[in-house]
There are 2 protein chains.
Amino acid sequence: MSDLENVSLKLEALGYRVTPSRRAVIAAVLQQSDHFSVDDVLHRCRGAGRATVFRTIRLLTDLGVVCRLLLADGSLHYRVSQRGHHHHLVCTACGTVRDLDQCAISDLMRELSDAYGYEIEGHWLELYGRCSACRSAVAAEAR
Amino acid sequence: MSDLENVSLKLEALGYRVTPSRRAVIAAVLQQSDHFSVDDVLHRCRGAGRATVFRTIRLLTDLGVVCRLLLADGSLHYRVSQRGHHHHLVCTACGTVRDLDQCAISDLMRELSDAYGYEIEGHWLELYGRCSACRSAVAAEAR
DNA sequence: TGTCTCGTTGAGACCAAGTATCATGTCTGA
DNA sequence: TCAGACATGATACTTGGTCTCAACGAGACA
Ligand SMILES: [Zn+2]
Ligand SMILES: [Zn+2]
Ligand SMILES: [Zn+2]
Ligand SMILES: [Zn+2]
């Protein structure tokens, strides 16, 4: 579910047209190595208009091709996503993201559900830290 | 740490002046029953300018008098806060917020720390659902 | 072939949230 | 009492995103 053809097929299967503008946006998204902002795509996408870029990225989000990523500074980024629901561990120094295997708080949610009678419908979880590479780089520098 | 006098004292103790504008903002914040947006305060605060309201709310956040609350629709609200670090369970129907007693994912963070070598510095967690009152209201209506 | 229809596009207006600027006002401590 | 730091608020600006709307284009159909 990660290259241009696959995404195009998926769109078509759902009745969306695969137009040149959409292809351009999708291609730009797929060639991002790590997470990216809408603006990043906008710059790599001469030819597709602002609105179309926003619309297409929303479409890709709804389709599960990319996932949202809330950075520590509050800005919203995106990231090509293979799996379904998951969360992220973001390095605040180098920006690298590690996907967590599965939702790690389903137990917690069940507990809360039981304790307070809430029916939990959704949640937002992001974790920020420094990866081991960045930590050892700092340690080396301090020496 | 929740009424006007206490907050004023706290500000003074840290070297901030307690000006009429700040008093007005703080009073408006404290009389909010549940969570509120900056705009809510702005409307209840004729006399304090826009910038000052933003500045004062940031000050209160830094002081721990209020905490941030990310709603399901992505908008940022605030809420008077007694305790320190905690998370929220927000009803998507009536908007009521329940504070969770403590950070429920400290175990998870320790695990991740160990597994991946990240030094975790921060995180963001919000839970959305329907409270029991709203659930039974819907159930009654469906009958 | 022409023509209808409907999804799509993109320029630009608009909007919301928040920050920067800066002239002015107010404390406060020497 | 004076200098300097702190605080204010009008307003301009920025950022991130949506809305509008005229125009386009790819079928479907006759
Ligand atoms: Zn790193
Ligand atoms: Zn999850
Ligand atoms: Zn409710
Ligand atoms: Zn926590």
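Residue numbers begin at 1 in each chain, while the letters A, B, ... track the order of the sequences. The figures that follow rest on heavy atoms only: side chains count, while hydrogens, waters and symmetry mates do not.
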| said: Which nucleotide wins on minimum distance to the side chain of A:Arg17, given the candidates C:dC27, C:dG7, C:dG10? | reply: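 Within the option list, the nearest is C:dG7.
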Rounding to an integer number of Å, can you tell me how far [X] [atom1] sits from [N] [atom2]?
X       : N      : atom1 : atom2 : answer
B:Leu11 : D:dC6  : CG    : P     : 15 Å
A:Ile57 : C:dT9  : CD1   : C1'   : 16 Å
A:Arg68 : D:dG16 : CZ    : P     : 15 Å
A:Tyr16 : C:dT9  : OH    : P     : 12 Å
B:Asp73 : D:dT18 : CG    : P     : 12 Å
A:Glu12 : C:dT8  : CD    : P     : 12 Å
B:Arg22 : C:dC27 : CZ    : P     : 13 Å
A:Arg46 : C:dA11 : CZ    : P     : 10 Å

| task | List for me each residue that meets ring pair (Phe, Tyr, Trp, His ring centres under 6.0 Å) alongside B:His87, sequence neighbours excluded, and say none if there are none. | result |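 Expected list: B:His85, B:His123.
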| What nucleic acid atoms does B:Gly47 come within less than 4.0 Å of, heavy atoms only: base, sugar-phosphate, or nothing? |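 B:Gly47: backbone/sugar contact only, no base atoms under 4.0 Å.
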For nucleotides 12-18 of chain C, tabulate all protein N/O to nucleotide N/O atom pairs closer than 3.5 Å, reporting atom names and distance.
unit_1, atom_1, unit_2, atom_2, d
C:dG18, N7, B:Arg50, NH2, 2.2
C:dG18, O6, B:Arg50, NH2, 3.2

[N] phosphate, OP1 or OP2: any side-chain N/O from [X] under 4.0 angstrom?
X       : N     : answer
B:Thr19 : D:dA7 : no
A:Arg55 : C:dT8 : no
B:Ser21 : D:dG9 : yes

| Remaining members of B:Tyr118's ILVMFWY cluster at a side-chain heavy-atom cut-off under 4.5 Å? |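 A:Leu89, A:Leu100, A:Ile105, A:Leu108, A:Met109, A:Leu112, A:Tyr116, A:Tyr118, A:Ile120, A:Leu125, A:Leu127, B:Leu89, B:Leu100, B:Ile105, B:Leu108, B:Met109, B:Leu112, B:Tyr116, B:Ile120, B:Leu125, B:Leu127, all in the cluster of B:Tyr118.
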| said: Which Ile, Leu, Val, Met, Phe, Trp or Tyr residues join B:Leu9 in one cluster when any pair of side-chain heavy atoms under 4.5 Å counts as a link? | reply: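 Via sub-4.5 Å side-chain contacts, B:Leu9 links to none.
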| 4.5 Å side-chain heavy-atom contact, B:Val18 and B:Val7 |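 No, their side chains stay 4.5 Å or more apart.
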| field | Side-chain ion pair, A:Glu119 and B:Arg135, N-O less than 4.0 Å | value |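 Result for this pair is yes, salt bridge flagged.
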| Any chance the side chains of A:Glu121 and B:Thr92 put a donor and an acceptor closer than 3.5 Å? |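 Present: a donor and an acceptor within the cut-off.
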| message | Using a 3.5 Å distance criterion without hydrogens, assess whether the side chain of B:Asp114 forms a donor-acceptor pair with backbone atoms of B:Glu111. | response |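 A pair under 3.5 Å: no.
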| request: Would you check if the side chain of A:Ser75 reaches a backbone N or O of A:Leu71 as a donor-acceptor pair within less than 3.5 Å? | output: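 No, the answer is negative, given that no donor and acceptor are paired below the 3.5 Å cut-off.
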Expected list for residues 53-61 of chain A: side-chain donor-acceptor pairs under 3.5 angstrom, two or more places apart:
unit_1, atom_1, unit_2, atom_2, d
A:Thr56, OG1, A:Thr52, O, 2.7
A:Thr61, OG1, A:Ile57, O, 2.7

| Axis-to-axis angle across the helix from C:dT1-D:dA30 to C:dA30-D:dT1, five pairs an end, to 10 degrees? |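 Both end axes considered, the difference amounts to 0°.
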